[in-house]
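None of these values were measured; they are calculated from a predicted model. Labels below follow one simple rule: chain letters A, B, ... track the order of the sequence lines, proteins then strands, and each chain is numbered from 1.
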2 protein chains.
Amino acid sequence: MTNNDTINNTERLARVLKVLGDSNRLGIALSIGKDSRSVTEIVNASGLSQTLVSFHLRIMREADVVRTERNGPFIHYSLSDPALLEVLFELSRMINGKRLRIEKTPEPTVKRAAELKTGKALK
Amino acid sequence: MTNNDTINNTERLARVLKVLGDSNRLGIALSIGKDSRSVTEIVNASGLSQTLVSFHLRIMREADVVRTERNGPFIHYSLSDPALLEVLFELSRMINGKRLRIEKTPEPTVKRAAELKTGKALK
DNA sequence: GCCTCATATAAATAACTACTCATATAGTAG
DNA sequence: CTACTATATGAGTAGTTATTTATATGAGGC
């Protein structure tokens, strides 16, 4: 592996991180999830204007974060690699830590949740 | 967890992603790695100006991506959560796929490295 | 063909970001 | 205290980005 490859890999990674580093786009990615969603669905879920959603979807498309598929008058968007979600959840866990997770929290036990409520686990 | 928490979690995640979504900052984070590096070391490793490195380090510090510790005249920076590296490597693997890894590849065996050299593993 | 719905694109702009250059602060040695 | 090294900060700026408004394209039904 040449040094140049490393640079390019870093840059490619940075590009994707930047694309996801906008809360509107991140929200869109999370709302697509493992599924496939039409623009209208995304618009409704996000509360953003159709134009703005299309704008962000284009950026995500060009960064190859999402894929499109036409279905009649609809264009359905899905994550190019749904495994992205796991990475995002993991990062979210790291960042939001004891503050719980993004979306429906998948695994915290009742006991753990109780600790969080009392602030006991927050140090 | 209220809906508001979700929004805040998403925003916090986006903020960190944005911080890492600049190739200079990402490079700095990767060059710090599991270690602790002085500003001068980072400057030398990155080839960026001291001012620019300090500028980016401040952004990373304020996003809590890095921590500082003073040692005499030096200020050493380290990743707040070194596990961040694994997440970045995983994402990099997803993105750069068969195109090899970032930095010194941590784990590929000799055999694997040989395959990579011949391009055999690149499909 | 025309109408409607779904989506994309273009242009304009305000806000933000990375960067440079100059300067300041802080630690250590003498 | 002075000199030197290490690091941070402030001001200025060019370039980028998110957003809005207006308009275009494209598919399906009539």
- Query: Could you give the CG-to-C1' distance, from B/Leu52 to C/dA18, as a whole number of Å?
  - Reply: 7 Å
- Flag, side chain of A/Arg12 to backbone of B/Asn96, donor-acceptor distance under 3.5 Å: no
- Message: Looking only at the side chain of B/Val39 (C-beta and beyond, no hydrogens), which of the listed nucleotides D/dT7, D/dG10, C/dA8 gets closest?
- Response: D/dT7
- Query: Is B/Arg25 near enough to C/dA18 that one of its side-chain N or O atoms lies under 4.0 angstrom from OP1 or OP2?
  - Reply: yes
- Task: Working to the nearest 0.5 Å, report the span between CZ of A/Arg93 and CG of A/Leu88.
- Result: 10.5 Å
- How many Å lie between CZ on B/Phe55 and P on D/dG12, as a whole number? 16 Å
- Indicate whether OP1 or OP2 belonging to C/dC19 is found under 4.0 Å from a side-chain N or O atom of B/Asn24. yes
- What nucleotide among D/dA18, D/dA6, D/dT19 has an atom nearest to a side-chain atom of A/His56? D/dT19
- Task: Mark yes or no for whether A/Arg70, through its side chain, and A/Gly72, through its backbone, hold a donor-acceptor pair below 3.5 Å.
- Result: yes
- Message: Rounded to whole Å, please give me the gap between CZ in A/Arg58 and C1' in D/dT19.
- Response: 14 Å
- Task: Tell whether A/Gln50 reaches the base of C/dA8 with its side chain through a donor-acceptor pair below 3.5 angstrom.
- Result: yes
- DNA chain C nearest-nucleotide lookup for A/Lys18 and A/Tyr77: closer to the 5′ end is A/Tyr77
- Message: Is there a side-chain contact between B/Thr51 and the phosphate of D/dT7, meaning an N or O under 4.0 Å from OP1 or OP2?
- Response: no
- Pairing of A/Glu86 and A/Lys34 as salt bridge, 4.0 angstrom limit: yes
- Task: Grab the CG-P distance between B/Leu48 and D/dA8 for me, whole Å please.
- Result: 14 Å
- Select base, sugar-phosphate, or nothing to describe what A/Thr40 touches, counting heavy atoms under 4.0 Å on all strands. sugar-phosphate
- Between C/dA6 atom C1' and A/His76 atom NE2, what is the distance in whole Å? 11 Å
- Query: CE of A/Met60 versus P of D/dT17: gap in Å, rounded?
  - Reply: 16 Å
- In whole angstrom, what separates B/Phe74's CZ from C/dT28's P? 10 Å
- Message: So does A/Asp64 get a backbone contact from the side chain of A/Ser80, meaning a donor-acceptor N/O pair under 3.5 Å?
- Response: yes
- Query: Is the phosphate of C/dT7, meaning OP1 or OP2, less than 4.0 Å from a side-chain N or O of A/Arg70?
  - Reply: no
- Message: Classify A/Leu57 by what it touches in the nucleic acid, base, sugar-phosphate, or nothing, heavy-atom distance under 4.0 Å.
- Response: nothing
- Query: To the nearest Å, how far apart are A/Glu62 CD and C/dA8 P?
  - Reply: 12 Å
